[in-house]
Amino acid sequence: MSVPKGSVLKVKFIKANLLEMRFSSNFGYGGENIVLYVNEKLKITNISYDYFGDTDGGNKEKYLIKNFNLILNKNPFKDSLKGLKGELHLDGIIEIIPNDFYRASFKEDLSFSAYFRCD
């Protein structure tokens with residue numbers, strides 16, 4: 001599987017009609033994890049996003065995915081995963097939740113895009 005350097009993509013069938021895709025990137029001081037499930041109709045049934053960093057200021061972040069799009073070059077339910085290529089795009093909101101250490105609360109935009117290939 002080929003994804004950007006420092007990234008890992010794992011694609012597997014967890015049921016005959018459900019494909020799990022796990023994308024993890026690590027850019028040194030933090031990274032992102034995205035997990036999505038695709039059914040046999042090529043519809044995303046569930047998607048989650050999480051960011052991790054090398055410091056912990058005690059604050060928590062909440063991620064709300066508003067829009068997502070998955071483009072595949074073929075149907076992996078009819079063909080094998082070999083040669084599967086695609087793009088994943090998602091947009092959303094990150095909400096910083098205040099606490100005793102980090103009193104400010106704010107929201108910022110979340111945007112993520114990736115291209116992948118299964119060899």
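Results of the side chain to side chain contact (heavy atoms under 4.5 Å, CB included) test with L36 over L70, N46, L90, L19 single out L70 as the only residue that passes.
Nearest heavy atoms, L110 versus I93: CB-N, 4.1 Å. Between M21 and V38, the shortest heavy-atom contact is SD-CG2, 4.3 Å.
For the pair L64/E95, no side-chain contact is recorded, criterion being any heavy-atom separation below 4.5 Å from C-beta on. At a threshold of 4.5 Å between non-hydrogen side-chain atoms, the residues L42 and P76 count as touching. Contact of the E108 side chain with the I94 side chain is registered, since non-hydrogen atoms from C-beta on lie closer than 4.5 Å. Looking only at side-chain heavy atoms (C-beta outward), N69 and I71 come within less than 4.5 Å of each other. F23 places none of its side-chain heavy atoms less than 4.5 Å from the side chain of V11.
Taken to the nearest 0.5 Å, the CZ atom of F52 stands 4.5 Å off from the CG atom of N26. For the atom pair CG of N39 and NZ of K15, the computed distance is 11.5 Å after rounding to the nearest 0.5 Å. Note that the CD1 atom of I44 and the CD1 atom of I65 stand 9.0 Å from one another [nearest 0.5 Å]. Note: S25 OG to N33 CG = 7.5 Å, rounded to the nearest 0.5 Å. Residue D91 holds its CG atom at 8.0 Å from CG of D109, rounded to the nearest 0.5 Å. In this structure, CZ in R22 is found 7.5 Å from OG in S48, a value given to the nearest 0.5 Å.
The backbone N or O of G83 sits less than 3.5 Å from a side-chain atom of N73, completing a donor-acceptor pair.
V35 and L88 are members of different hydrophobic clusters when ILVMFWY side chains are connected at heavy-atom separations under 4.5 Å.
Residue pairs meeting the ring-ring contact (aromatic ring centres under 6.0 Å, His included) criterion with at least one member in residues 63-97, sequence neighbours excluded, are F13-F77, Y49-Y63. Counting only residues at least two apart or in different chains, side-chain hydrogen bond (donor to acceptor under 3.5 Å, both in side chains) contacts with residues 74-84 are absent.
If you check the side chains of Y37 and E20, you find a donor sitting under 3.5 Å from an acceptor.
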